[in-house]
A.B. asks: 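Just dropping this structure here.
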Amino acid sequence: MKHLIKNYGPYKKIVLLIFLLITAQCYCDMTLPQYTQDLIDVGIQNAGVEHILPTQITESEYEAAQVFMSDKEKEAWESAYEKEGDIYVCSIEDDKELDKLDDKLLQPIVMTYQMGHMSEDALRDMLKGSFSQNPQMASMAERISDMSLEEIEAMLHVEFDTFEAEDENGVSQTYVDMRPIIQDMIASGVMDAASLDESKDKMDEMLEAVGSQTLMAMGYAYAADCNNAAGIDGEALQEKYLWICGAKMMLLALCMTAFAALVSMLSARVGAGIGRTLRRDVFSNVMGYSNAEMDQFSTSSLITRATNDIQQVQMTSMMILRMVLMAPIMAIWGIIKVYQTKAHMSFVIVAGVLVLLSLVGVLMAFTMPKFRIMQKLVDGLNAVSREILTGIPVIRAFGRERTEEERFEVANRALMRNQLFVNRVMTLMSPLMMIVMYAITIVITWIAAHRIDAGTLQVGAMTAFITYAMMIITSFLIITAMSVILPRAGVAAERIDEVRRTKTSIADKKNATELSDCRGVVRFNHVSFRYPGADDDVIHDIDFEARPGVTTAIIGSTGSGKTTIVNLIPRFYDVTEGSVEIDGIDVRDYSIESLRRNIGLVPQKGVLFSGTIASNIRFGNNEATDDEVKEFAKIAQAEDFIEEKEEKYESFISQGGTNVSGGQKQRLSIARALAKKPAILIFDDSFSALDMKTDAELRKELAEKQKDATKIIVAQRVGTILHAEQIIVLDDGEVVGKGTHEELLESCDVYRQIAESQLSEKELKGVK
């Protein structure tokens, strides 16, 4: 994981900006459910009334509302209003201050509303309860249920203030305003302060039984009635509230969309930047690797790391910014919002999260080991694919198509089985998570329904709670989903970092010397070498000198160390003991760039690049003119087959030079080395695919046109090196002979055996 995180280093400012944008996006996302709640509870249920204090109230209602208020409550009530003609207008606009007054005046206002909107049945129940308390009036309590409103008025010697209105079900009912009677009773002394307090306590007990949210609904209804009575259009007020709330929600949605788009764009840029940086670093680092590092990492593994692994890291880096960064913010904010709803159902979310984490833990226990194996299987499949594609001619020549198909199928099926297992297990995650989410929704709805029925919860609060719960669960889903992706990306990042951290063992010294005006004197000074990790030397105590204008040939049996010797000159490897010197200075003291600039190497296996014949010859010298390209091709004996092609030097060369023969590939490789105009020419068995005539003509051209260069030729054929001024004979990594052809025939048994196996009697005597 640390390898993933450190990739964000160059993008700290952008990551900070993304964090701020995600925070703003989460704020919008978390605010929307609150507006949904307000839309349902305030806009629809409460007709757009936000507080229980009326915006405007008539003078008579202003006085009547104070019936059940204490002195302090009356003081707060009076301080909230200013008289404008016959109407009292609420002078407080601050929502927080109004919320405080709502809490403080809720009880007296609801009692006022109840007493001012008492149905006939409620009146009979209240009188029946009052009469039952007095033994002298017990008989009246039994008859009150069957009495009409007029009979009750006659019995009590009062005149009720009645009005018609629709109940909550839309049915027209007759309501009684009891407040004038209570005011008269207080004024006449029939109801003293103690009686009033006792009535308030009884009313308070009755009201508390219906639930806090029901009380608030009564308060909102009272405010709406007062507003209507004072001349405020209730429908217009409700419509205005709904439009304002809807507009705010639309604005939040647009902001959230803009923030999300910016986050996506910036995270994509960061992800692409990380991918670009990793590819550049991996490629530049691998380009500097010596053969020792190339042996450490297989080619197929390096290809996988530079493509598949970097793609994994790039995608995961983008997803971390878009999803992983958002999930904890959303979860924490959701928990805060859930607490603010005061729905008291947090235990449902906790239980759901615990179930989710348990499921993810079980799934991860099954899949994590497979994720670690997957990358190795991808490496293996790439290795098999590369070998088969590279070796198609050999496979066809030996009729091994079916065998290689089976070998590919084994590697392919191993990866397929691994991926199928992971995908099958992970496929279970989505339906299981959906079951948990829907189960949580059902449980919340079931609990909330009972609380709504009891009057302790409103429908909007339930809706908001469900939304917040889903957001919290979704946040944990994102975290758990990413917990599956992150380990695989972490493994990929570690593999990439391993390539980046592995520095080449062949590097310039601090004060490296530039190799300029190279004369080309190559000296092997008692050189020994062993490959990294090997127990024995490949070559031992090699000592010879190759001089300008002189052809030095190296011959020996397969595995005797010929290629190893020439690889030490351009520092593909560094010697274990002794030194390789050019112009009297150890090659390790030269800068690598200047050293290799003066060496023209034709490798044992000719490698061409996709492009044209001319571009391949110019590979070592972009400044070569067309005439020079033709001259180098002529020296390399490539002119004849080039001129036969329709487009000549602009003829296309496919990747790896698969559309030319082995001999043509070798000749183009030789022309490419000559184009560098190097002081030292090294031919590592580069004439093996040439016929004897072409071989002889090429050596003749080299002797004439490159007479000042130091020429080192590694060969298997004695005929190729027959006329070399110096021949080095190797056997089992050691020099067993040194001299001309004639001298070695006399003094070196190994050379004589090689020569006798290849040459006729005349050739052995030095006769052409």
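By convention here, the first residue in the shown sequence is residue 1.
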A.B. asks: Can you find a heavy atom in the side chain of Y468 that is under 4.5 Å from one in the side chain of M30?
C.D. replies: yes
A.B. asks: What is the distance from atom OG of S267 to atom CG of L21, rounded to the nearest 0.5 Å?
C.D. replies: 10.5 Å
A.B. asks: Can you name the salt bridge (Lys or Arg N to Asp or Glu O under 4.0 Å) partners of D102, sequence neighbours left out?
C.D. replies: none
A.B. asks: Quick one: are T441 and M470 in side-chain contact, heavy atoms under 4.5 Å?
C.D. replies: yes
A.B. asks: Rounded to the nearest 0.5 Å, what separation is found between the CD atom of E97 and the NE2 atom of H51?
C.D. replies: 11.0 Å
A.B. asks: May I have the step-by-step check of side-chain contact (heavy atoms from CB on, under 4.5 Å) for I440 and I444, ending in yes or no?
C.D. replies: CA-CA 6 Å; I440 290 172; I444 291 173; 3.6 Å; yes
A.B. asks: Let me see the working for R305 and D309 under salt bridge (Lys or Arg N to Asp or Glu O under 4.0 Å), right down to the final yes or no.
C.D. replies: CA-CA 5 Å; R305 294 174 198 233; D309 287 354; 5.2 Å; no
A.B. asks: For residues A24 and F259, report the shortest heavy-atom separation together with the two atoms involved.
C.D. replies: CB-CE1, 3.6 Å
A.B. asks: So, using side-chain hydrogen bond (donor to acceptor under 3.5 Å, both in side chains) as the criterion, who are the partners of E409 when residues are at least two apart?
C.D. replies: R413
A.B. asks: List for me each residue that meets side-chain hydrogen bond (donor to acceptor under 3.5 Å, both in side chains) alongside E50, sequence neighbours excluded, and say none if there are none.
C.D. replies: none
A.B. asks: Side chains of R597 and L515: closer than 4.5 Å at any heavy-atom pair?
C.D. replies: no
A.B. asks: Taking atom OG1 of T55 and atom CD1 of I92, what is their separation to the nearest 0.5 Å?
C.D. replies: 12.0 Å
A.B. asks: Looking only at heavy atoms, which two atoms of V384 and F408 are closest? And how far apart?
C.D. replies: CG1-CA, 3.9 Å
A.B. asks: Quick one: does E387's side chain get under 4.5 Å of E404's, heavy atoms only?
C.D. replies: no
A.B. asks: Mind listing the closest non-hydrogen atom pair of L608 and S669 along with its distance?
C.D. replies: CD2-OG, 4.1 Å
A.B. asks: Ignoring hydrogens and angles, write down the donor-acceptor pairs under 3.5 Å from the side chains of residues 609-623, residues two or more places apart or on other chains.
C.D. replies:
from: T612; atom 1: OG1; to: S615; atom 2: N; distance (Å): 3.0
from: T612; atom 1: OG1; to: S615; atom 2: OG; distance (Å): 3.3
from: S615; atom 1: OG; to: T612; atom 2: N; distance (Å): 2.9
from: S615; atom 1: OG; to: T612; atom 2: O; distance (Å): 2.9
from: N616; atom 1: OD1; to: F609; atom 2: N; distance (Å): 2.8
from: N616; atom 1: ND2; to: F609; atom 2: O; distance (Å): 2.9
from: N616; atom 1: ND2; to: T612; atom 2: O; distance (Å): 3.0
from: R618; atom 1: NE; to: A624; atom 2: O; distance (Å): 2.8
from: R618; atom 1: NH2; to: D626; atom 2: OD1; distance (Å): 2.4
from: N621; atom 1: OD1; to: E623; atom 2: N; distance (Å): 3.1
from: N621; atom 1: ND2; to: A675; atom 2: O; distance (Å): 3.1

A.B. asks: Taking the side chain as C-beta and beyond, is there a heavy-atom pair between N7 and T277 under 4.5 Å?
C.D. replies: no
A.B. asks: What is the distance from atom CZ of R407 to atom CD1 of I388, rounded to the nearest 0.5 Å?
C.D. replies: 5.0 Å
A.B. asks: Counting only N and O atoms by type, is there a donor-acceptor contact under 3.5 Å from the side chain of Q238 to the main-chain atoms of G43?
C.D. replies: yes
A.B. asks: To the nearest 0.5 Å, tell me how far T257 OG1 sits from L262 CG.
C.D. replies: 11.0 Å
A.B. asks: Between N285 (side chain only) and T502 (backbone N and O only), is there a donor and an acceptor less than 3.5 Å apart?
C.D. replies: yes
A.B. asks: Which of these, T316, I18, I14, sits in a side chain to side chain contact (heavy atoms under 4.5 Å, CB included) with L321?
C.D. replies: I18
A.B. asks: Considering only residues two or more places apart or on different chains, which pairs with a residue in residues 18-43 satisfy ring pair (Phe, Tyr, Trp, His ring centres under 6.0 Å)?
C.D. replies: Y27-W333
A.B. asks: Are any of the side-chain heavy atoms of T467 and M471 separated by less than 4.5 Å?
C.D. replies: yes
A.B. asks: Do I40 and T463 pass the side-chain contact (heavy atoms from CB on, under 4.5 Å) test, and can you show the C-alpha distance, the side-chain angles, and the key distance before you say yes or no?
C.D. replies: CA-CA 9 Å; I40 296 171; T463 305; 3.7 Å; yes
A.B. asks: Measuring from R417:CZ to N412:CG, what's the distance to the nearest 0.5 Å?
C.D. replies: 10.0 Å
A.B. asks: For R588, check salt bridge (Lys or Arg N to Asp or Glu O under 4.0 Å) against everything at least two apart and list the hits.
C.D. replies: D586
A.B. asks: Who passes side-chain hydrogen bond (donor to acceptor under 3.5 Å, both in side chains) against D508, sequence neighbours left out?
C.D. replies: none
A.B. asks: Identify the heavy atoms of S475 and A331 that sit nearest to each other, and give their distance.
C.D. replies: OG-N, 3.5 Å
A.B. asks: Would you mind reporting whether R495 and T304 have side-chain heavy atoms less than 4.5 Å apart?
C.D. replies: yes
A.B. asks: Of all residues at least two apart in sequence or in a different chain, which pass the salt bridge (Lys or Arg N to Asp or Glu O under 4.0 Å) check with E239?
C.D. replies: none
A.B. asks: Could you tell me whether F652 atom CZ has more than 12 heavy atoms of other residues or ligands within 6.0 Å of it?
C.D. replies: yes
A.B. asks: Given 3.5 Å as the limit, does a donor-acceptor pair link the side chain of K676 with the main chain of R596, or not?
C.D. replies: yes
A.B. asks: List in chain and number order the residues that pass salt bridge (Lys or Arg N to Asp or Glu O under 4.0 Å) with D574, two or more places apart in sequence or in another chain; answer none if no residue qualifies.
C.D. replies: R571
A.B. asks: Can you tell me if K13 uses its side chain to pair, donor with acceptor, with the backbone of P10 under 3.5 Å?
C.D. replies: no
A.B. asks: Using side-chain hydrogen bond (donor to acceptor under 3.5 Å, both in side chains) as the criterion, list what pairs up with N567, not counting sequence neighbours.
C.D. replies: none
A.B. asks: Using every non-hydrogen atom in the two residues, find where R500 and K503 come nearest and quote the distance to one decimal.
C.D. replies: O-NZ, 3.2 Å
A.B. asks: One pair to check against side-chain contact (heavy atoms from CB on, under 4.5 Å): L415 and Q419. What are the steps and the verdict?
C.D. replies: CA-CA 6 Å; L415 179 59; Q419 290 180 330; 3.9 Å; yes
A.B. asks: Indicate whether any N or O donor in one side chain lies under 3.5 Å from an N or O acceptor in the other, for Q314 and R279.
C.D. replies: yes
A.B. asks: I'd like to know if the side chain of R322 and the backbone of S264 have a donor-acceptor N/O pair within less than 3.5 Å.
C.D. replies: no
A.B. asks: Hey, are the side chains of K12 and L16 touching, using non-hydrogen atoms and a 4.5 Å cut-off?
C.D. replies: no
A.B. asks: Identify, with sequence neighbours excluded, every residue that meets side-chain contact (heavy atoms from CB on, under 4.5 Å) alongside L32.
C.D. replies: M249, L252, M256
A.B. asks: Apply side-chain contact (heavy atoms from CB on, under 4.5 Å) to N511 and list each qualifying residue two or more places apart in sequence or on a separate chain.
C.D. replies: none
A.B. asks: Quick one: closest heavy-atom pair of Y8 and S317, and the distance?
C.D. replies: OH-O, 2.6 Å
